[in-house]
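First the proteins, then the strands, lettered A, B, ... as listed; each starts at 1. These numbers come from the heavy atoms of this one structure, side chains and all, not from hydrogens, waters or symmetry mates.
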There are 2 protein chains.
Amino acid sequence: MIPEKEITIYDIAKSLNISAATVSRGLKDHPGISKLTKKRIFDAAKDMGYRFNSLASNLRRQRTNTIGVIVPRLNSSFMSDAIAGMEQVANQAGYNLIISQSLETVKKEVENSLTMFNNRVDGLLVSLAYNTQDISHFEAFIKKGIPVIFFDRIFEHIKCPNIIIDNYQAGYEITKHLIAEGGRRIMHVSGNQSRNVYSERFRGYRDALEEFNLPFSDELLIVNNLTALEGIETAVQILSMEKKPEAVFVSNDTCAVACMLELKKQGIKIPEDISFAGFNNDPIAKVVEPNLTTINYHGEEMGELAANILIRHLTNNLEIGPAHTTVLGHELIVRQSSTKKII
Amino acid sequence: MIPEKEITIYDIAKSLNISAATVSRGLKDHPGISKLTKKRIFDAAKDMGYRFNSLASNLRRQRTNTIGVIVPRLNSSFMSDAIAGMEQVANQAGYNLIISQSLETVKKEVENSLTMFNNRVDGLLVSLAYNTQDISHFEAFIKKGIPVIFFDRIFEHIKCPNIIIDNYQAGYEITKHLIAEGGRRIMHVSGNQSRNVYSERFRGYRDALEEFNLPFSDELLIVNNLTALEGIETAVQILSMEKKPEAVFVSNDTCAVACMLELKKQGIKIPEDISFAGFNNDPIAKVVEPNLTTINYHGEEMGELAANILIRHLTNNLEIGPAHTTVLGHELIVRQSSTKKII
DNA sequence: ATGCGCTATGCAACCGATTGCAAAACTTGA
DNA sequence: TCAAGTTTTGCAATCGGTTGCATAGCGCAT
């Protein structure tokens with residue numbers, strides 16, 4: 001089965017006795033081409049089994065209609081929501097998504113950004129790896145005027161718009177809630193403090209404690225990678241504490257749930273002995289018993305918004321002016337894990 | 001800030017007084033180019049800030065090093081795992097992933113496949129939408145010799161390799177387990193029967209019933225879209241049944257969990273009154289109380305395998321011979337939702 | 001007739017890497 | 001010194017759509 005030759009606009013041109021330029025314009029619905037000619041072109045294209053060659057078009061136009069996406073992991077509830085949102089918007093606008101994951105390592109993030117650069121994506125949507133400290137690997141894009149937009153795990157840069165939620169405020173609210181429910185000794189389990197999301201939530205937590213004159217000590221803060229495994233370790237650590245906390249605010253749901261379950265297994269009553277709060281509103285938060293108090297966070301919306309902002313830049317060919325931060329709303333969702341009284 | 005001119009191999013050639021052909025070969029580490037020349041080329045490329053232009057390369061070579069992925073949804077636990085697996089393998093092998101979702105509609109699936117076709121992906125990895133009945137939209141690929149590989153939700157086609165688990169066997173095992181635990185009247189909640197995964201699981205369920213001489217009646221089968229919402233509806237339906245089932249096998253975990261929770265809310269005891277089993281081993285299965293018996297299903301591995309098979313085809317330029325079905329293993333994971341005795 | 005203004009189409013030069021074939025440069029042996 | 005062999009490099013066509021500019025064709029008014 002020899003794959004038959006590809007039909008080009010030249011073939012169509014020849015068969016209609018017109019020029020390739022006219023065919024090109026006709027297919028693009030250029031106003032300068034007469035109705036009749038257009039119809040003949042479209043008919044011939046269909047007849048002959050023409051397929052548009054975006055490779056050639058890309059080369060000539062120096063654009064790819066492709067958006068690069070770099071995220072820490074694809075398979076987290078939040079990220080897959082965000083990507084689903086991006087895909088919808090991008091698809092609608094005629095863009096493709098090239099997706100890669102850094103697996104939380106700077107090395108892969110750098111490699112991926114280089115691939116994206118060589119593949120000449122028109123723009124980039126990025127959520128940073130756990131310990132990316134500088135973003136020099138994105139400078140090449142910035143220098144060329146290729147928009148780089150950060151979402152969720154961001155880096156402040158004058159040329160990079162970013163989209164976040166108010167992590168400080170969310171951390172503050174949830175801590176305040178735990179205090180209102182009677183917590184005095186409130187622990188916080190957080191991630192790498194060089195990442196905005198975690199340091200901001202921590203800051204909110206600290207400020208809430210301070211506002212209510214509650215003391216903070218290093219013993220109350222655990223920093224890890226917020227995996228389920230580390231949730232269990234955290235539980236062990238809590239069990240070994242002389243003075244146990246009355247409440248725990250964990251910076252993501254996965255870790256919070258694992259920790260809760262382990263504590264339950266060891267006979268701790270939640271929320272009676274220790275109340276819990278997480279972050280993200282993953283599906284498991286609604287399922288664990290008691291249901292987990294958490295911050296709801298619109299992944300899909302964030303993805304859509306990021307894609308929209310990028311595409312707006314691309315279609316209007318905007319200079320990336322002094323960068324713009326978009327703050328999306330979030331909601332404290334109070335569930336049984338943090339309410340001492342039965343609802 | 002005027003973006004400075006792109007450096008091409010011609011610029012490098014000029015600066016070194018050699019030909020562009022030599023530069024091209026040098027950069028590709030072609031054996032015919034001397035060590036010294038190569039070094040000079042690489043140095044000059046670095047100095048001048050050259051970046052490889054894959055657009056030009058793609059056009060000339062008629063390849064894109066890009067793999068298209070079409071899935072029903074990006075944000076399901078299984079799919080995001082599968083995609084994560086694909087990304088790793090593809091990335092490793094120097095391929096990019098273009099990802100799109102059909103949102104379970106044939107219309108979008110067709111559109112997306114057309115986009116992929118025009119964008120000249122080198123191959124396609126597909127998991128079909130809920131009610132895709134024919135795959136004529138993939139014929140164009142097949143005719144051109146572009147490999148199309150189905151995974152999980154497949155379609156039998158002589159030219160398309162596919163990767164699945166043994167859904168029949170899994171459905172059979174899980175039903176048999178429910179029977180062994182004392183179930184006689186066992187319901188099954190399934191999805192669209194024209195999709196292999198659901199019809200096969202149903203078939204396994206039927207055969208298990210038959211083997212143990214348990215009667216099947218239409219009342220025992222509910223077909224819906226397996227969403228959480230429909231899980232709740234299913235619970236309502238079960239509550240209204242005169243003769244309630246002793247066990248329920250639901251074809252995914254999301255729906256199973258929603259149904260369980262609703263029944264619990266209405267005072268049904270699980271597994272004492274009704275035992276439950278799901279499918280997929282989503283994170284929620286391990287968290288819901290009682291923990292949900294389910295089939296574990298290696299999404300990431302399936303993604304990796306699909307990508308590997310595709311890439312092997314691409315690098316060896318294999319004819320897609322009589323299609324090859326790869327069956328991945330699965331495991332029945334027994335948890336408390338189906339075990340009458342306390343563990 | 002002549003000229004003006006429009007519309008519709010064509011010319012030809014891109015975009016930049018790749019590659020078959022030819023040829024130059026260099027080695028080696030007689 | 002010359003021929004044959006090997007290594008290294010260059011020529012030029014190619015991939016196929018796009019687009020600035022030129023021009024042909026036509027209607028209409030003077």
Requested in this report: With sequence neighbours left out, write down each residue that passes side chain to side chain donor-acceptor pair (under 3.5 Å) with A:Lys14, or none if nothing qualifies.
Outcome: none
**Report entry** Covered region of DNA chain D, 5' end to 3' end, by chain A [heavy atoms, under 4.0 Å]
**Finding:** D:dG16 to D:dC21
Query raised in the report: Would you say the ring centroid of A:Phe138 lies under 6.0 angstrom from that of A:Phe150?
Result: yes
Query raised in the report: How would you label the contact of A:Asn17 with the nucleic acid (heavy atoms, under 4.0 Å): base, sugar-phosphate, or nothing?
Result: sugar-phosphate
**Report entry** Pairs where residues 24-47 of chain A contributes a residue and the test ring-ring contact (aromatic ring centres under 6.0 Å, His included) is met, not counting sequence neighbours
**Finding:** none
Query raised in the report: Would you say B:Arg120 and A:Arg51 make side-chain contact, with heavy atoms under 4.5 Å?
Result: yes
Query raised in the report: Does B:Glu139 CD have over 12 foreign heavy atoms under 6.0 Å away?
Result: yes
Report task. Using a heavy-atom cut-off of under 4.0 Å over every strand shown, decide if B:Leu27 touches base, sugar-phosphate, or nothing. Result -> nothing
Report task. Might you confirm whether atom CD of A:Gln62 has over 12 heavy atoms from other residues, nucleotides or ligands at distances under 6.0 Å? Result -> yes
**Report entry** Nucleotide C:dT9, atom C1' - distance to NZ of A:Lys38 in whole Å
**Finding:** 13 Å
When the side chains of residues 121-129 of chain A are checked against the rest of the protein, which donor-acceptor pairs come out under 3.5 Å, sequence neighbours left out?
residue, atom, partner, partner atom, Å
A:Asp122, OD1, A:Thr64, N, 3.1
A:Asp122, OD1, A:Thr64, OG1, 3.3
A:Asp122, OD2, A:Asn65, N, 2.6
A:Ser127, OG, A:Phe151, O, 3.1
A:Ser127, OG, A:Arg153, N, 3.4

Query raised in the report: Who passes side chain to side chain donor-acceptor pair (under 3.5 Å) against A:Asn131, sequence neighbours left out?
Result: none
Query raised in the report: Can you give one letter per nucleotide of nucleotides 11-20 of chain C, going 5' to 3': B for a protein heavy atom under 4.0 Å from the base, S for sugar-phosphate only, - for none?
Result: BBBBBBBBBB
